[in-house]
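Scroll down for the structure; my scribbles are underneath it.
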Amino acid sequence: MLEIQKIRENKDLIINRLNEVRKIDLKETINKLYSLDEQKRETQQKLDSSQSELNMLSSKIGELFKAGKVEQANELKAKTSKLKDVIKQNKEDFTDLESTIHELFCLIPNVPNELVPAGKSEDDNEIVSSQEINKEQFKSFIPHWDLCQKYNLIDFELGVKISGAGFPVYKGKGARLQRALINFFLNEASKMGYEELMVPHLVNSKSGFGTGQLPDKEGQMYHAEMDDLYLIPTAEVPITNIYRDVIVNAKDFPIKHVGYTPCFRREAGSYGKEVRGLNRLHQFDKVEIVQVTHPNSSYETLEEMVKYVESLLIKLELPYRKLKLCGGDLGFTSALTFDLEVYSPGQDRWLEVSSISNFETYQANRLKLRFKEENKTKLAHTLNGSALALPRILASLLENNQDEKGIAIPKALVPFTGFDRIDN
RNA sequence: GGAGAGUUGGCAGAGUGGUCGAAUGCGGUGGUCUUGAAAACCAUUGUGCAGCAAUGUACCGGGGGUUCGAAUCCCUCACUCUCCGCCA
C-alpha cells in the first residue's frame, strides 16, 4: 500500500508513472483519494476539538460532584448531550472516510522504480543478459514429461487420481532429486547468511493482506473456509509476516531469512501447453529468500540477491537469462523485479524459475514494519526472491542433461542425490 | 469435543467508574563514577492520527453498549492458557 504522504506530495507524478509504465489509468481513483484525505483531516480536526470540549466538561462535572455541588454539575451534564451528538456524527463520517480511503488504496499498485521499462505485457520485458543457445544441438532432445515417464521419475496420472491435475507424484530418483535440490538450495542460502526457517503452510487473512495477496489475489489461493485459513502460495507470506506490527532494531539490518515450503496455487484460467508436465502446478516446492533492509540499501540488496540466485543456476550448469520486468508485467506490490528463466531444450522455450523483487515500503506499510532512526519511526524495505522454484528447475535439468541412455546429474548436486546418473 | 481461567506498555506485573497513557520491577538509551568493565547512582524511555508549532486526540485483545465520564460495568467475537477426552 502506498503511503498517504506520497500521494499528498506527488499525486500527479504517481498518476503519470502508473499510466506510462504500468499502462493503467488511476487518475480518477487517486484524485478521489486525495480529496477524501483532505476531508478526513478536516473531520478529524472537528472531532478532536469537540472531543476535547467534552473531556473538559466531564472533568469539571467530576470536580463539582466531589465538591458536593450537585446542581451545577447537573447543569453541565445537560450541555453534554448536544456535544455527544456532534461527536457521534463526526466519528461516523470519519470511519466512513477511513474505510473508503482504505478501499481505494487497495486498488493502487506500487509505483515502479525509474529503472522499470514501460510496457504492457511480458513481451515488453527487457532481456538484461542471456546465454547463447545453440538450438541445433538440442534437435533430438525430448521434453521432461517424456523423460519422467521413460525413467519413472514422476507419475502425473497418479497425482490426478489422488488430487487432480497439477499435483504430481515424484517417485524414486525423481523424489530423491527433489529432496537433493531443496537441501542444496537451503545449504547455499545458509552459507550466504540467510537464517533458515520452517514456517506454517496455512496463514490467516491478516497475513494474506500484509504481503499483498489479499484482497488482490484472493482467487489464486486455496481457502480453508471452515477455519478461514489460506494455503500459502509462497513462503514469502509467512516469512515476511513475521515482521507484521514490528519495529525492528536498525542494527539488525539486513534481516535475511530462507525457508523451504510447498506452495499452493489455484492457477484459475490456465490451460494448454502452459500447464503441461511441470510447467505449472497447483502444488510445488520452493525455497524462498526474504530480506528486510534499510531504505537506503534495498537496491544494493536486490542486486546482491539476483547475483546470488544466478550463482545457483551457474552451479547447476543450467542455461539461463535475466529479465527486467516491464511495468505491465510487474507484480502489483513490486517496485522493481528481475526474473530468471532457464532454457528448456525439450520445449524450446524459457521457463521462469525465479522472481526477485524490491517492494520498497509497499508491503512494509501494510505490515506496519518499521525501524527507528533519529528518533523517528520509518518504514523498512522488504524484498524477496525464489532461490529457487523446483519444478521448472527439474524440468530444465532433466532436459538439458539428457543423452540416449539417461540423464547426468550436475556435479554440485551429486553429494545431495547420492547418484550421478539416472538411467534404466 | 467438554469444563474452567485469562488477554494491560519490549517483558513481568499492579490497577474494579473521574486525579490513569497507566504504579512497580526488569530491560533499552544517555550520563556520573572507573585505567577499562561490573556494580551503584541520576536522567530518559509506547504507538497512531491531526497540527508549522504549542498542543490536541485516540489506543489497556477486536467490535458494540451503559455513563457527564470506562483499562475498570454490560453484551459479543477472537485468541491464549490449564484440566479432561481424542491423537502423530
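Proteins come first, then strands; the chains are lettered A, B, ... in the order of their sequence lines, and each starts at number 1.
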The side chain of A:S52 lies closest to which of these nucleotides: B:U57, B:C68, B:G46? B:U57
Do A:K372 and A:I247 have side chains that approach each other closer than 4.5 Å (heavy atoms only, starting at C-beta)? yes
Could you give the CG-to-C1' distance, from A:L83 to B:G69, as a whole number of Å? 13 Å
Determine whether more than 12 heavy atoms belonging to other residues, nucleotides or ligands lie under 6.0 Å from atom CD of A:E71. no
Is A:K372 touching bases, backbone alone, or none of the nucleic acid, heavy atoms closer than 4.0 Å? sugar-phosphate
What integer distance in Å separates A:N74:CG from B:C68:P? 10 Å
What nucleotide, of B:C68, B:A50, B:A58, holds the atom closest to the side chain of A:R8? B:A50
Gap between atoms CG and P, on A:L57 and B:G69 respectively (whole Å): 10 Å
What residue among A:F209, A:F105, A:F359 forms side chain to side chain contact (heavy atoms under 4.5 Å, CB included) with A:R366? A:F209
Please state whether the phosphate of B:G56, meaning OP1 or OP2, lies under 4.0 angstrom from any side-chain nitrogen or oxygen of A:Q51. no
Look at all strands and tell whether A:I61 reaches a base, only sugar-phosphate, or nothing, counting heavy atoms closer than 4.0 Å. base
Nearest whole Å is fine: how far is B:C49 P from A:L97 CG? 17 Å
B:C83: pairing nucleotide in any strand, Watson-Crick or G-U under 3.5 angstrom: B:G2
Could you please name the partner base of B:A40, counting Watson-Crick and G-U wobble pairs only when both distances are under 3.5 Å? B:U32
Side chain of A:K66 only, heavy atoms from C-beta on: which candidate in B:G51, B:U19, B:U57 is closest? B:U19
Ring centres of A:F264 and A:H223 under 6.0 Å apart? no
Does CD belonging to A:E38 count more than 12 external heavy atoms closer than 6.0 Å? yes
Side-chain atoms of A:D48 come closest, of B:A50, B:U57, B:G69, to B:U57
Would you tell me if any nitrogen or oxygen in the side chain of A:R41 comes within less than 4.0 Å of OP1 or OP2 on B:G51? yes
Write down the distance between NZ (A:K60) and C1' (B:G69), rounded to a whole number of angstrom. 15 Å
Can you check whether A:T377 has a side-chain N or O nearer than 4.0 Å to OP1 or OP2 of B:U47? no
Checking contacts here: which listed nucleotide (B:C68, B:G48, B:G51) is nearest the side-chain heavy atoms of A:Q45? B:G51
Measuring centre to centre across the rings, with the benzene-like ring taken for any Trp, is A:F371 within less than 6.0 Å of A:F253? yes
Please check the phosphate of B:G48 (OP1 and OP2 only) for any side-chain N or O of A:R370 closer than 4.0 Å. yes
Which nucleotide, B:C68, B:G51, B:G48, lies nearest any side-chain atom of A:L54? B:C68
Closest of B:U57, B:U29, B:C49 to the A:Q44 side chain is B:C49
Determine which nucleotide pairs with B:C20, using a 3.5 Å limit on both distances of a Watson-Crick or G-U wobble pair. none
Nucleotide nearest A:N55 when distance is taken to its side chain, options B:A58, B:U29, B:G18: B:A58
